[in-house]
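First the structure, in the form of structure tokens, and then the observations on it.
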Amino acid sequence: MSELVTGDAVVLGLRPARLPSRALAAAIDLTVVFCVFMLVSVVVAIASVTLDEAAVAAITVALFLLVLIGGPIAVETLSHGRSLGKLACGLRVVRDDGGPIRFRHALVRGAMGAVEILMTFGAVASIASLVSARGRRLGDVFAGTLVIRERVAAKRSVAVPPPPPWLVGRFSQLDLSAVPDELWLSIRQYLTRMHQLDPGVGGSIAGRLADELVTRTGIAPPQGVPAAAFLAAVVHERQSRDARRVFAGARTASSAPPASPVPAVSAGFPVLGGPGATGFAAPAGGVAPAGPVGPAGAVAGGSGAVGGSRPGHGPGQEGAGASSAGFAPPG
């Protein structure tokens with residue numbers, strides 16, 4: 001990783017390209033350029049059959065300069081540092097401050113490349129790249145450029161370390177709705193990298209994050225609990241809640257029975273829901289039932305039961321199939 005500082009004092013973490021990847025990109029570029037040069041040379045040779053030797057030599061030198069030197073310069077200028085070989089290898093030429101190159105940078109690189117790559121068969125460029133700490137050849141040094149790697153292998157995400165077993169479930173009643181996503185991200189980053197930090201620095205960061213978390217939730221950690229363990233336990237609680245919410249939603253969506261019509265009841269008000277209903281609409285001025293809702297939506301008997309005995313029956317003389325609320329079971 002190369003740390004470049006821009007004019008705004010921003011540190012850029014760039015990965016300089018090393019000799020193997022640069023050599024492969026240069027080989028691809030040179031192969032394409034030489035193929036184009038040979039094709040153009042054949043066409044020009046056919047067209048200049050009637051010319052003398054001096055004219056042919058001048059045309060050959062012009063082709064060499066235009067195709068082998070001017071071609072890469074034009075490609076790097078128009079593509080902002082990405083030739084065909086660099087594109088295939090995931091490389092790019094940038095300025096020392098991380099910005100895109102311009103024509104003058106490509107011109108210096110191309111002129112120096114004719115000397116250190118074409119005339120010496122890449123020996124000077126290879127030695128300079130091996131000696132340089134950032135893998136730069138002489139053209140990069142004079143032009144103020146750097147070849148970086150654009151495609152970097154993705155790192156595997158690091159899991160948050162679990163809290164101590166004696167802290168699991170201790171914060172199940174904690175209100176986490178006021179904690180912003182930025183704070184969660186900071187806590188997660190600290191927990192995944194706390195073993196790489198200096199103990200003193202890590203302890204101060206954990207204390208600051210714990211204080212901010214306490215400010216958001218309004219509940220302080222138990223006495224004697226380290227700040228890092230408190231943070232891990234709260235993050236574990238949040239992950240558990242998210243997992244329960246997701247699994248409950250998936251279970252409800254997969255096991256919900258099809259809706260069925262509810263039979264009307266002779267008491268004059270509808271019963272809400274069917275089996276497992278949790279409530280119903282009570283009539284105006286009526287007394288809310290005290291008993292649980294039965295399987296068919298009828299209210300079980302109790303001191304607050306609505307209705308009474310059926311006509312023609314005295315108290316305690318309900319029929320065998322009648323409910324204590326005075327409703328005959330449907331069907």
Side-chain angles (χ1 to χ4, degrees), residues 1-37 67-159 185-186 188-190 192-193 195-197:
M1 185 72 72
S2 176
E3 293 188 352
L4 303 181
V5 182
T6 66
D8 298 328
V10 178
V11 179
L12 301 177
L14 303 178
R15 292 183 176 271
R18 296 302 176 184
L19 181 60
S21 57
R22 294 193 62 175
L24 178 59
I28 296 175
D29 290 336
L30 289 176
T31 302
V32 174
V33 168
F34 274 110
C35 290
V36 173
F37 177 74
V67 178
L68 295 182
I69 299 179
I73 294 175
V75 170
E76 284 193 355
T77 303
L78 297 176
S79 63
H80 299 290
R82 299 190 72 183
S83 61
L84 183 61
K86 293 181 178 63
L87 181 63
C89 297
L91 308 180
R92 180 190 287 271
V93 183
V94 297
R95 301 196 307 259
D96 274 340
D97 59 355
I101 65 172
R102 298 181 179 179
F103 173 72
R104 59 185 180 89
H105 304 97
L107 179 61
V108 175
R109 281 176 47 84
M112 292 299 301
V115 177
E116 60 178 337
I117 296 179
L118 297 179
M119 296 183 179
T120 62
F121 299 99
V124 175
S126 300
I127 295 174
S129 181
L130 290 174
V131 172
S132 174
R134 294 188 290 179
R136 302 201 301 176
R137 61 180 177 88
L138 295 180
D140 294 316
V141 175
F142 285 105
T145 58
L146 174 68
V147 181
I148 62 172
R149 295 171 54 191
E150 281 194 317
R151 291 199 301 263
V152 181
K155 296 182 179 179
R156 297 179 59 185
S157 58
V158 182
L185 180 60
S186 300
R188 178 180 175 84
Q189 289 177 345
Y190 164 74
T192 54
R193 302 177 183 177
H195 298 296
Q196 304 173 5
L197 302 175

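Quick caveat, the model's predicted, so the values are computed rather than measured. What's counted below: heavy atoms across the whole structure, side chains too, no hydrogens, waters or symmetry copies. For this chain, numbers begin at 1 and follow the sequence in order.
Heavy atoms only, all atoms of each residue included: Val32 and Leu84 are closest at CG2-CD2, 3.6 Å. Between Arg134 and Leu146, the closest heavy-atom pair is O-CD1, 3.6 Å. Summarising the geometry of Cys89 relative to Ile28, their closest heavy-atom pair is SG-CD1, 4.5 Å, with the distance given to 0.1 Å. Of all the heavy atoms in Glu150 and Leu91, the pair that sits closest is OE1-O, 4.2 Å. The heavy-atom pair separating Asp96 from Thr145 by the smallest distance is OD1-O, 3.7 Å. The shortest non-hydrogen separation linking Val108 to Gly139 is CG1-O, 4.3 Å.
Checked against side-chain contact (heavy atoms from CB on, under 4.5 Å), Pro100 has the following partners two or more places apart in sequence or in another chain: His80, Arg95. The salt bridge (Lys or Arg N to Asp or Glu O under 4.0 Å) test applied to Arg109 returns Glu76, Asp140, not counting sequence neighbours. Legend: residues meeting side-chain contact (heavy atoms from CB on, under 4.5 Å) with Ile73, ordered by chain and number and at least two apart, are Ile69, Thr77, Phe103, Ala106, Leu107. Remark: Ser83 engages Asp29 in a side-chain hydrogen bond (donor to acceptor under 3.5 Å, both in side chains) (not counting sequence neighbours). With sequence neighbours excluded, the residues satisfying side-chain contact (heavy atoms from CB on, under 4.5 Å) with Ile127 are Val131.
Applying the salt bridge (charged side-chain N to carboxylate O under 4.0 Å, His left out) test to pairs two or more places apart or on separate chains, those with a residue in residues 115-133 are Glu116-Arg137.
Contact annotation: the side chain of Val115 never approaches that of Leu138 to less than 4.5 Å [non-hydrogen atoms, C-beta and beyond]. For the pair Leu19 and Leu130, the minimum side-chain heavy-atom distance is below 4.5 Å.
One N or O on the side chain of Ser21 and one on the backbone of Arg18 form a donor-acceptor pair closer than 3.5 Å. A donor-acceptor pair is defined here as one N or O able to donate and one able to accept, closer than 3.5 Å; such a pair exists between the side chain of Ser79 and the backbone of Val75.
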Exercise. So Leu68 and Phe34, side-chain contact (heavy atoms from CB on, under 4.5 Å) or not? Walk me through it.
Worked result: CA-CA 7 Å; Leu68 295 182; Phe34 274 110; 4.2 Å; yes
